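Presented below is the structure to which this report refers.
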Amino acid sequence: MINKYNPLKIEKKWQNYWEKNQIFKAKDFSKKKKFYCLDMFPYPSGEGLHVGHPHGYVATDIISHYKRLSGYNVLHPMGWDAFGLPAENYAIKNGVHPSISTKKNIKRFKEQIKSIGLSYDWSREINTTDPSYYKWTQWIFLLLFKRGLAYEAILPINFCPSCKTGLANEEVIDDKCERCGTKVVKKNLRQWVLKITAYADRLLKDLDGLDWPEKIITMQKNWIGKSEGWQIKFKVLNSNLDIEVFTTRLDTIFGCTYLVLSPEHPLINNLKDKILNYNLVKKYIEEAINKTERERISEVKEKRGIKLEGIKAINPANNKEIDIFIADYVLSYYGTGAVMAVPYHDQRDFDFAKKFDLEFIKVIKPEKESDIKEAYEGEGVLINSGIFNGMKSFVAREKIGEWLLKKNLAKKTVNYKLRDWIFSRQRYWGEPIPIVHCNKCGIVPLSEKDLPLKLPKIKKYQPSGTGESPLATIEKWVNTKCPKCKGPAKRETNTMPQWAGSCWYFLRYVDPKNNKKIFDYRKGKYFLPVDLYVGGVEHAVLHLLYSRFWIKVLYDEGIVDFKEPFLKLRNQGLILASDGRKMSKSLGNVVNPDEVIKKYGADSFRVYHMFMGPFDQPVTWQTKGIKGVRRFLERVYNASDKVKKVKTKNKELEKLLHLTIKKVEEDIENFRFNTAISSLMVLLNKMEKEKEIDIKHFSAFLILLSPFAPHLSEELWQKLGNKKSIFFYKWPKYNSLYIKEEKTTFIIQVNGKVRDKIEVEYNISEEEAKKIALSQDKIKKWIDNKDIKKIIFVPNKLINFVV
RNA sequence: GCCGAGGUGGUGAAACCGGAAAACACGUUAGCUUCAGGAGCUAAUGCUCUUUUAAGAGCAUGUGGGUUCAAAUCCCACCCUCGGCACCA
């Protein structure tokens with residue numbers, strides 16, 4: 001048969017039609033219920049889309065269509081997260097201003113995305129690099145500043161020598177820059193820091209109500225890393241100084257035989273004169289500080305440290321004099337930067353004490369005795385612990401705490417792994433931080449009316465590498481007047497990190513052109529928060545955590561009335577190249593969607609994406625695999641020739657249709673697109689067998705298909721004589737009457753093995769089933785003249801004879 | 001080391017509230033169709049064994065055990081793959 005299906009022609013036609021008639025525009029106010037369906041917006045890179053990018057976009061598009069057909073007013077927008085290093089690097093290399101290359105890249109991305117026929121409301125498109133957008137990013141920064149959540153600090157931070165900028169902790173993976181893979185170095189830099197730690201507890205607690213993948217929730221919980229314990233004061237002998245430590249195992253304090261301070265601990269400087277071996281100590285500290293975190297961690301097995309000769313501390317539990325060490329396994333930024341060491345009951349202390357031949361005291365008796373090859377870190381009963389002997393360890397923790405509290409030596413404390421967010425970057429292509437430095441007034445924020453503070457055009461983008469942004473070289477821009485005293489002042493030259501614009505972009509889609517307010521609150525009240533958010537798992541502790549933080553601040557400020565931005569989150573699986581590796585330009589295994597769409601059509605592209613496998617699992621892209629879905633769509637096209645205004649008498653088909661409606665509906669809701677498509681295939685296979693296809697059946701089928709293959713469905717919908725777009729119609733309702741079974745295939749087992757199948761009336765009784773089953777020749781043979789010991793009957797499923 | 005996900009035909013996978021393992025596709029083979037290439041249509045397709053051969057039987061869901069009339073599905077132990085975290089006191 002000649003294929004009349006010509007996707008190239010019909011797809012362009014319908015894309016134009018949808019755009020011209022604004023079919024997918026979300027209404028600002030509507031009596032309909034809203035559904036906010038959001039994709040993580042892309043960074044428009046110079047390479048354009050590869051075949052894997054739109055995986056999530058196709059899924060949200062299917063859901064958006066499905067929700068519209070089910071009567072919702074759907075907000076389904078798209079935009080560009082366009083600040084970032086690649087554009088700047090490109091500018092350095094080719095001298096093209098980032099705003100120009102960004103514009104070009106966006107154009108290309110938009111064309112590619114449009115060619116897939118995704119139903120975005122393009123009237124709401126946003127771009128984070130647009131001053132009318134980043135005005136509001138800066139506005140939020142001022143808000144953070146006003147609330148004391150943005151502060152300046154000189155910190156030893158992770159610095160990428162290749163990108164020549166400081167990085168957030170979240171951006172450092174295995175000691176390497178998340179972007180370029182270069183090993184980071186420690187650098188003391190003046191930084192803007194956001195106090196995300198002030199929200200640690202709320203960021204943790206509010207995870208509970210979210211419909212998010214368990215994995216992401218766990219990752220965020222681990223990243224925040226809450227632990228509850230006690231902070232204990234150890235007095236330094238012959239001085240008025242204290243060393244405070246944090247512990248979650250106060251029950252082991254009687255076993256504490258020394259203290260360990262981190263190399264960065266400030267107390268060391270105060271004790272300088274008393275430390276007899278200060279020169280050696282100083283040398284050790286210098287070495288330790290120059291190591292990166294990873295280097296310290298990689299020496300996990302080999303504990304290093306040095307004893308502070310000449311000074312001792314007092315264990316407040318038993319008043320014993322104990323030694324003090326410095327060791328790099330103690331982290332300055334966690335807890336108090338000092339630990340009480342209990343060699344017998346902590347593996348790290350155990351390793352350290354072995355190496356330095358220190359005293360071990362056993363204070364917890366485990367239920368089962370074990371050998372002393374390693375520390376016992378479990379629970380048990382206290383021994384060698386004075387008045388607490390015999391107490392269970394989990395009780396003793398509190399009792400010892402209360403006892404020391406009375407002596408003013410302890411307080412209950414909660415510690416988090418989460419650290420404040422290093423927020424400034426020494427780069428050009430980012431939002432300028434709206435702050436000036438005045439000799440007289442200090443740090444002064446710009447006022448709202450001075451926003452946006454536009455990024456000046458410059459000729460040299462090259463970062464200095466000294467920790468200054470390229471902006472620092474533009475004197476005309478840097479030198480300004482203090483908003484407060486009108487005296488001479490200098491602008492902040494650091495820019496905001498990549499993540500700033502994406503923290504709040506979904507709010508702006510609600511009212512993207514508003515230049516008076518961040519958005520109209522009435523519009524926000526209707527559309528927000530986001531009902532469904534789909535994107536890659538790689539943002540688990542970056543974008544998703546930062547964004548939650550900002551939304552909570554906006555909530556506290558009364559700008560939004562919800563505490564969590566994304567109610568439901570789903571992650572798409574990674575699309576791997578056919579060699580099983582990640583698609584990347586450098587590996588040369590990238591498949592370009594343009595070519596696939598040109599050859600097979602956008603509908604085939606969409607359907608194949610969803611048919612490949614479970615949505616959230618990684619799959620390898622096999623372009624030839626797309627043939628199967630292309631054939632399916634061709635057969636749909638050909639079947640439309642057989643559609644007549646006939647009333648079918650095929651009860652089976654009627655039933656299958658209603659089962660399919662139910663199945664597709666449930667599968668879409670549950671992100672099981674692959675099985676939704678296969679059930680549509682099954683229905684088509686059945687309909688194809690008919691001489692004439694009932695127009696009612698085919699119409700319903702087309703609506704079920706339309707979220708997946710919108711162009712073809714629209715084309716055939718028109719061919720059936722409908723005047724309006726298919727997307728103005730209603731999702732078919734399945735009727736449980738049709739689904740009702742009349743006959744069923746009944747399985748007969750002997751000893752649990754299937755021996756025969758029979759067609760029987762639905763709801764057949766056990767007695768009857770037994771009678772029929774036993775009369776079957778095949779069954780007789782198996783039962784023979786053995787005794788039937790037991791009969792298991794499962795209604796409408798099977799009967800099992802145990803002989 | 002800790003946490004999480006997963007392991008089913010030649011391939012992608014389905015079934016996973018215990019009840020027909022392999023739906024739906026890809027690929028392969030044979031036949032038809034076509035000037036040819038491609039495409040299409042029809043049928044077969046987990047493995048092994050057996051003259052009950054237009055059929056029958058056995059074995060099959062990472063490995064080994066267990067529960068059950070019945071296990072891919074539940075329980076225990078182990079192996080492997082992938083992802084995350086990792087000296088957090």
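None of the values given here were measured: they were computed from a predicted structure. Computed from heavy atoms alone, side chains included, the values below leave out hydrogens, waters and symmetry copies.
- The side chain of Tyr333(A) approaches C88(B) more closely than any other nucleotide in the set C85(B), C88(B), A21(B).
- Across the protein-nucleic acid pair, Tyr329(A) atom OH and C88(B) atom P stand 10 Å apart, rounded to whole Å.
- The glycosidic torsion of G9(B) lies within 90° of 0, which places this base in the syn conformation.
- Note on Asn674(A): every side-chain N or O is 4.0 Å or more away from OP1 and OP2 of G12(B).
- Ranking A14(B), C88(B), G4(B) by closeness to the Lys215(A) side chain, first place goes to G4(B).
- Nucleic acid contact for Lys624(A): none, since no nucleic acid atom lies under 4.0 Å from a heavy atom of the residue.
- Across all strands, Asn800(A) comes closer than 4.0 Å to base atoms (heavy-atom distances).
- Residue Lys627(A) places at least one side-chain N or O under 4.0 Å from the OP1 or OP2 atom of G27(B).
- To the nearest angstrom, C1' of C24(B) lies 12 Å from CG of Asp667(A).
- Nucleic acid contact for Arg672(A): none, since no nucleic acid atom lies under 4.0 Å from a heavy atom of the residue.
- If you check every strand for non-hydrogen atoms under 4.0 Å, Phe611(A) touches a base.
- For Pro614(A), taking side-chain heavy atoms from C-beta onward, the closest of the listed nucleotides A13(B), A89(B), A25(B) is A13(B).
- For the 3.5 Å distance criterion, the side chains of Asn670(A) and Glu666(A) fail to qualify, holding no donor opposite an acceptor.
- Which of C24(B), G84(B), C41(B) sits closest to the side chain of Ser678(A) comes down to C24(B).
- The nucleotide whose nearest atom lies closest to any side-chain atom of Arg631(A) is, among A89(B), C26(B), G58(B), C26(B).
- Side-chain atoms of Trp499(A) and Glu171(A) include a donor-acceptor pair closer than 3.5 Å.
- Using a 4.0 Å heavy-atom cutoff across all strands shown, Val794(A) reaches at least one base atom of the nucleic acid.
- Among the protein residues, Val342(A) comes within range of no part of the nucleic acid, since none of its heavy atoms lies under 4.0 Å from any strand.
- Within the shown strands, G10(B) is the pairing partner of C26(B) under the Watson-Crick or G-U definition, both distances less than 3.5 Å.
- For the residue pair Asn315(A) / Tyr258(A), no side-chain donor-acceptor distance below 3.5 Å is found, with atom types taken as modelled.
- Heavy atoms of Asp616(A) sit nowhere under 4.0 angstrom from any nucleic acid atom.
- Between A89(B) and Ser227(A), a contact under 4.0 Å exists linking OP1 or OP2 to a side-chain N or O.
- Rounded to a whole Å, the CE atom of Met219(A) is 10 Å from the P atom of A86(B).
- Summarising the geometry, the separation between OH on Tyr608(A) and P on G12(B) is reported as 11 Å, rounded to the nearest angstrom.
- With Phe352(A) as the aromatic partner, Lys303(A) does not meet the cation-pi criteria of under 6.0 angstrom to the ring centre and within 45 degrees of the ring axis.
- For Asn685(A) and A25(B), the shortest distance from a side-chain N or O to OP1 or OP2 is below 4.0 Å.
- Separating the NZ atom of Lys789(A) from the P atom of A70(B) is a distance of 11 Å, rounded to the nearest angstrom.
- Nucleic acid contact class of Asn415(A) (heavy atoms, under 4.0 Å, all strands): none.
- In this structure, Lys689(A) places its NZ atom 12 Å from C1' of C41(B), rounding to the nearest Å.
- Minimum atom distance to the side chain of Arg635(A) is reached by C41(B), of the listed C41(B), G19(B), C3(B).
- Nearest nucleotide to the side chain of Lys303(A), out of C88(B), C24(B), C87(B): C87(B).
- Of the N and O atoms on the side chains of Glu244(A) and Thr336(A), not one donor lies less than 3.5 Å from an acceptor on the other residue.
- In this structure, Gln617(A) reaches neither bases nor backbone, as no heavy-atom distance under 4.0 Å exists between it and the strands shown.
- Applying the 4.0 Å criterion to OP1 and OP2 of A89(B), one finds that Arg348(A) has every side-chain N and O outside that range.
- Nucleic acid contact class of Val339(A) (heavy atoms, under 4.0 Å, all strands): base.
- Both tests do not hold together for Arg570(A) against Phe615(A): distance to the six-membered ring centre under 6.0 Å, angle to the ring axis within 45°.
- Under 4.0 angstrom from either OP1 or OP2 of G40(B) there lies no side-chain N or O belonging to Arg630(A).
- For the residue pair Ser227(A) and Asn415(A), no side-chain donor N or O sits within less than 3.5 Å of a side-chain acceptor on the partner.
- Put simply, CZ on Phe352(A) is 19 Å from P on A89(B), counting in whole angstrom units.
- The nearest heavy atom of RNA chain B to Gly752(A) and to Val537(A) marks one nucleotide each, and the one closer to the 5' end goes with Gly752(A).
- Of all heavy-atom pairs spanning Leu382(A) and Asp251(A), the tightest one is CD2-O, 3.6 Å.
- Lys686(A) places its NZ atom 12 Å from the C1' atom of C24(B), with the value rounded to the nearest Å.
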